[in-house]
Amino acid sequence: MGNNNSGTRRIQPILWISTLYFAMGVPFVTINAVSGIMYKDMGVSDAQITFWTAFVMFSWTLKPLWSPFLEIYKTKKFFVVVTQFAIGILFALIALSLPLPDFFKYSIALFAVIAFCGATHDVVADGTYIGLLTNKEQAKYIGWQGAFYNLAKIISSGALVYVAGVLEKTKGVTHAWMIIMVIYALLFFALAIYHYLVLPKEQTEEKRKDAKTARNVRKELLEVITSFFTKPKILWCILFIILYRFAEGFAIKIAPLFFKAPRTSGGLGLSTSDIGLIYGTYGSAAFILGSVLAGYFISARGLKNSLIWLCCAFNIPFVVYALLAHYQPADLMPVAVAVVVEYFGYGFGFVGLMLYMMQQIAPGKHKTAHYAFATGIMNLGVMIPGMFSGMISDWVGYKIFFIWVLIATIPAFLVTLFVPFPYFENKEEQSIN
């Protein structure tokens, strides 16, 4: 139940929900996508890029393990402000590390700390949303969450990558990306100051009443973990959420590197600005449209009857990358169309996975914690193939690699056909925002 105390209602929730979820999206998108383009510009191999940028994202998988301990000390507002300020400092340090001879080693270590801060920020941001809003308000603003999280994708992987490409022509690659990292740093300093001023916090009385000791939290965490792995048919459910995105784990890391690679190496030879334009505008718009239409599709048919079609929408569009690798078009338009097709299918099919975790894995006593565990396992299923995608593409080349991606979709179709539905599905009551 949200907090209805008038002392926390001096500002409209949308004024902090928008910026809070924008701040949540930026670190994830930057590490997952933008960092790869930066390292490719700076001459790092695909194998190193994909392995390390995937590996440092492990914090988003492990975040449920330390999330209960954040209830012991201070308030959620405190952790929001501290993590945002820390992320700002870390981006500034990355900017300083880029001219160094061992820039990759230092910058990837700093990205790992950003990932930890970002995962911690996710926990307290969601906790703030749940704790300060009533159920009715949570439903009212849920769409704004997704909108501003996706705005982070548009700004980070679109606008800033485009700006980096423009700056490269006058400042050089290293200085261009140093400027971009400084922009990230200034952005998070501004967000930290803004949230310090406007973000409500828990009432002191409530915090004292709900205070927990570390021992109690450890006991509660053990109960949460035990109850999660004793849910009905949980092993099948885990297999599903891992394999559903298995092919994506390979494709999503290599696609922008393939776009950037010279044509003599089997790539498309696109500029950094072109990649930013394609992903930040066309791709993001297609993703949002696919997500919205999927909601109506599931509401009409029910999740169980929709899931195989959602799996098809999610996995079949990876064929566009195999076609691009085979034909290597010189024009930008075919590439943009391919990204639109893939991102539309991504948005359409991804909704089904999220809803399955909400309705078939999360229900029970520890619904929020179990949903966090499910999303963590889901991220692990993408992270592991992503770590080794560069090694495979370096070994076999882009043409064969994207054929391998299509082969890697087969487990997703098989597990979707036989995935269990442990909880009764009431189609009349089912809806998705």
Side-chain angles (χ1 to χ4, degrees), residues 21 23-36 49-68 83 87 108 111-127 145-146 149-150 152-153 156-157 221 224-225 228-229 234-235 237-255 287 291 311 314-315 346-347 349-358 360-362 367-390 405 408-409 411-412 415 419:
Y21 280 86
M24 180 188 289
V26 171
F28 187 89
V29 174
T30 304
I31 297 175
N32 192 45
V34 178
S35 66
I49 292 170
T50 54
F51 181 87
W52 288 107
T53 59
F55 181 74
V56 300
M57 297 182 73
F58 203 41
S59 292
W60 275 284
T61 296
L62 297 179
K63 66 183 180 182
L65 298 182
W66 67 79
S67 58
T83 52
I87 290 171
I108 204 70
F111 273 128
V113 185
I114 289 177
F116 174 79
C117 293
T120 303
H121 180 274
D122 285 9
V123 172
V124 291
D126 285 333
Q145 268 194 28
Y149 191 93
N150 277 288
K153 295 177 76 173
S156 193
S157 63
L221 179 60
V224 168
I225 295 173
F228 178 83
F229 286 102
I234 189 61
L235 293 181
C237 296
I238 291 174
L239 189 65
F240 169 73
I241 63 177
I242 288 177
L243 294 180
Y244 191 89
R245 299 180 67 189
F246 183 65
E248 179 207 350
F250 290 106
I252 198 170
K253 283 290 184 183
I254 292 299
F287 178 87
S291 300
C311 180
F314 189 85
N315 286 282
Y346 183 20
F350 188 68
V351 168
L353 178 60
M354 301 302 289
L355 195 59
Y356 182 86
M357 291 189 293
M358 290 179 188
Q360 300 299 322
I361 297 180
K367 185 173 183 178
T368 301
H370 287 173
Y371 182 71
F373 268 98
T375 57
I377 293 171
M378 176 190 70
N379 287 332
L380 185 66
V382 180
M383 187 192 81
I384 292 176
M387 288 170 61
F388 299 101
S389 58
V405 170
T409 65
V415 76
V419 66

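Just so you know, residue 1 is the first one in the sequence shown, and it goes up from there. Everything numeric here is computed off the predicted structure, so don't read it as measured data.
You'll find the side chain of Ile225 reaches within 4.5 Å of the side chain of Leu65, heavy atoms only.
Interatomic distance, CH2 of Trp60 versus CG of Asn379, reported as 9.0 Å (0.5 Å rounding). Annotation: the span from Ile234 atom CD1 to His370 atom NE2 amounts to 8.5 Å, rounded to 0.5 Å. Going from atom CD1 of Ile361 over to atom CZ of Phe228 covers 6.0 Å, rounded to the nearest 0.5 Å. Expressed to the nearest 0.5 Å, how far CE of Met387 lies from CE of Met57 amounts to 12.5 Å. In this structure, OG on Ser389 lies 12.5 Å from CD1 on Ile384, to the nearest 0.5 angstrom. Going from atom CE of Met357 over to atom CE of Met378 covers 4.5 Å, rounded to the nearest 0.5 Å.
Ring geometry for Phe350 against Phe287 counts as tilted: the plane angle lies between 30° and 60°, on a 0 to 90° scale. The aromatic rings of Phe55 and Trp52 sit perpendicular, their planes meeting at an angle over 60°, well past the 30° parallel limit.
For the side-chain hydrogen bond (donor to acceptor under 3.5 Å, both in side chains) test, residues two or more places apart in sequence or in another chain that qualify with Tyr346 are Arg245, Glu248. Every residue two or more places apart in sequence or in another chain that forms a salt bridge (charged side-chain N to carboxylate O under 4.0 Å, His left out) with Lys63 is listed here: Asp122.
A donor-acceptor contact closer than 3.5 angstrom links the side chains of Ser156 and Thr30.
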Verdict with reasoning, Leu380 to Ile242, per side-chain contact (heavy atoms from CB on, under 4.5 Å): CA-CA 7 Å; Leu380 185 66; Ile242 288 177; 5.6 Å; no
Intermediate values then yes/no, side-chain contact (heavy atoms from CB on, under 4.5 Å), Ile87 and Val113: CA-CA 8 Å; Ile87 290 171; Val113 185; over 6 Å; no
side-chain contact (heavy atoms from CB on, under 4.5 Å) evaluation trace for Ile238 with Phe373: CA-CA 10 Å; Ile238 291 174; Phe373 268 98; over 6 Å; no
Derivation and outcome, side-chain contact (heavy atoms from CB on, under 4.5 Å), residues Thr53 and Asn32: CA-CA 6 Å; Thr53 59; Asn32 192 45; over 6 Å; no
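Closest approach of Thr409 and Ala247 over heavy atoms only: CG2-CB, 3.4 Å. Shown here for Ser157 and Val29, the closest heavy-atom pair between the two residues is CB-CG1, 4.0 Å. The nearest pair of heavy atoms linking Ser59 to Ala119 is O-CB, 3.6 Å. Taking every heavy atom of both residues into account, Val56 and Ala115 meet most closely at O-CB, 3.1 Å. The shortest heavy-atom contact between Ile31 and Ser35 is O-OG, 2.6 Å. The two atoms that bring Phe246 and Ala408 nearest to each other are CD2-O, 3.5 Å, heavy atoms only.
A donor-acceptor pair under 3.5 Å is absent between the side-chain atoms of Tyr356 and the main chain of Ile241, judged by distance alone.
Aromatic pair Tyr21/Tyr149: centroids not less than 6.0 angstrom apart. Checked against a 6.0 Å centroid threshold, the rings of Phe116 and Trp66 count as neighbours.
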